[in-house]
S.K.: 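I'd like to ask some things about the structure below.
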Amino acid sequence: MQPFTEKAISIIKGIPPGMVMTYGQVAAYAGSPRGGRQVARLLHSMSGKYDLPWHRVVNAQGQIMIQDPEARFAQQTFLQQEGVEVSVNGKIDLSRFNFHPESE
DNA sequence: CGATTGACGCAGA
DNA sequence: ATCTGCGCCAATC
């Protein structure tokens, strides 16, 4: 079985500390270049079921798109603890922290 | 098996 | 710069 979820999970778990990836990137590496929403729904639903470092996943804008204030706060806190500089607005420098796997 | 969901992404106004 | 709308697409209910 190689559902989109399993790949997404594997990829997310492969993100090193202090780095982040966008939903779109995770989805793309999982096999669905347009499946960002699937990753979103995945984390939304399975965040507490899987052992995922979901806090290392942000949107394409480098921002925390989470609506839950607690989860949102938790994510920026985790990122800061790992060395990621999160702005007060929850903005992250993708130019510096966007994890780029060795595709080549 | 059918409909809903959904932490996105991007184009257009 | 901000807001609105539409398309994706697989997991979940």
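Every value quoted in this text rests on a predicted model; they were computed, and no experiment measured them. Naming: A, B, ... by sequence-line order, numbering from 1 per chain. When reading the values below, keep in mind they use all heavy atoms of this one structure, side chains included, and skip hydrogens, waters and symmetry mates.
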S.K.: Between A:L52 and A:M46, does the side-chain contact (heavy atoms from CB on, under 4.5 Å) criterion hold? Intermediate values first, please.
M.R.: CA-CA 9 Å; A:L52 297 179; A:M46 321 300 287; 5.8 Å; no
S.K.: Apply the test side-chain contact (heavy atoms from CB on, under 4.5 Å) to residues A:Q76 and A:I64: give CA-CA distance (whole Å), side-chain angles for both, the deciding distance (0.1 Å), then the verdict.
M.R.: CA-CA 8 Å; A:Q76 55 187 321; A:I64 298 174; 3.6 Å; yes
S.K.: Taking atom C1' of C:dA10 as reference, at what distance in whole Å does atom CG of A:L43 sit?
M.R.: 14 Å
S.K.: Which of the following nucleotides, C:dA10, B:dA7, C:dC8, is nearest to the side chain of A:R37?
M.R.: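 Of the candidates, C:dC8 comes closest.
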S.K.: Side chain of A:F4: nearest nucleotide among C:dA11, C:dT12, B:dA7?
M.R.: C:dA11
S.K.: To the nearest Å, how far apart are A:R56 CZ and B:dA7 C1'?
M.R.: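 It works out to 17 Å between those atoms.
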S.K.: Send over the distance from A:I92 CD1 to B:dA7 C1', rounded to a whole Å.
M.R.: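 From A:I92 CD1 to B:dA7 C1': 12 Å.
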S.K.: Describe the nucleic acid contact of A:Q75 in one word from base, sugar-phosphate, nothing, applying a heavy-atom distance below 4.0 Å.
M.R.: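 Nothing: the residue A:Q75, judged by heavy atoms under 4.0 Å, touches no strand.
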S.K.: Which is true for A:L42 with a 4.0 Å heavy-atom rule: it touches a base, it touches only sugar-phosphate, or it touches nothing?
M.R.: nothing
S.K.: Could you check which of B:dA7, C:dA10, B:dG9 has an atom nearest any side-chain atom of A:A60?
M.R.: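 Looking only at heavy atoms from C-beta outward on A:A60, the closest nucleotide is B:dG9.
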S.K.: Reckon A:G24 touches a base, only the sugar-phosphate, or nothing at all at heavy-atom distances under 4.0 Å?
M.R.: sugar-phosphate
S.K.: Just compare B:dA7, C:dA10, C:dA11 and give me whichever is closest to any side-chain atom of A:D68.
M.R.: B:dA7
S.K.: Does A:N59 reach the main-chain N or O of A:G62 with its side chain, forming a donor-acceptor pair under 3.5 Å?
M.R.: yes
S.K.: Given atom CD1 of A:I12 and atom P of B:dA7, what is their separation to the nearest angstrom?
M.R.: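 Result: 14 Å.
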S.K.: What's the closest nucleotide to the side chain of A:R41 if the choices are C:dC8, B:dA7, C:dA11?
M.R.: C:dA11
S.K.: In this structure, how many angstroms lie between the P atom of B:dA7 and the OH atom of A:Y23, rounded?
M.R.: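 Those two atoms, OH and P, are 9 Å apart.
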S.K.: Tell me: OH of A:Y29 to C1' of B:dG9, nearest whole Å?
M.R.: 16 Å
S.K.: Mind checking what makes salt bridge (charged side-chain N to carboxylate O under 4.0 Å, His left out) contact with A:R34, not counting sequence neighbours?
M.R.: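 Result, salt bridge (charged side-chain N to carboxylate O under 4.0 Å, His left out) vs A:R34: none returned.
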S.K.: Whole-Å distance between C:dA10 C1' and A:H44 NE2?
M.R.: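 Spelled out: NE2 on A:H44 to C1' on C:dA10 is 15 Å.
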S.K.: Tell me: CD1 of A:I9 to P of C:dT12, nearest whole Å?
M.R.: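 Going from A:I9 (CD1) to C:dT12 (P), I get 9 Å.
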S.K.: What do the steps show when you test A:L43 against A:I12 for side-chain contact (heavy atoms from CB on, under 4.5 Å), and what is the final call?
M.R.: CA-CA 10 Å; A:L43 297 183; A:I12 293 171; 3.9 Å; yes
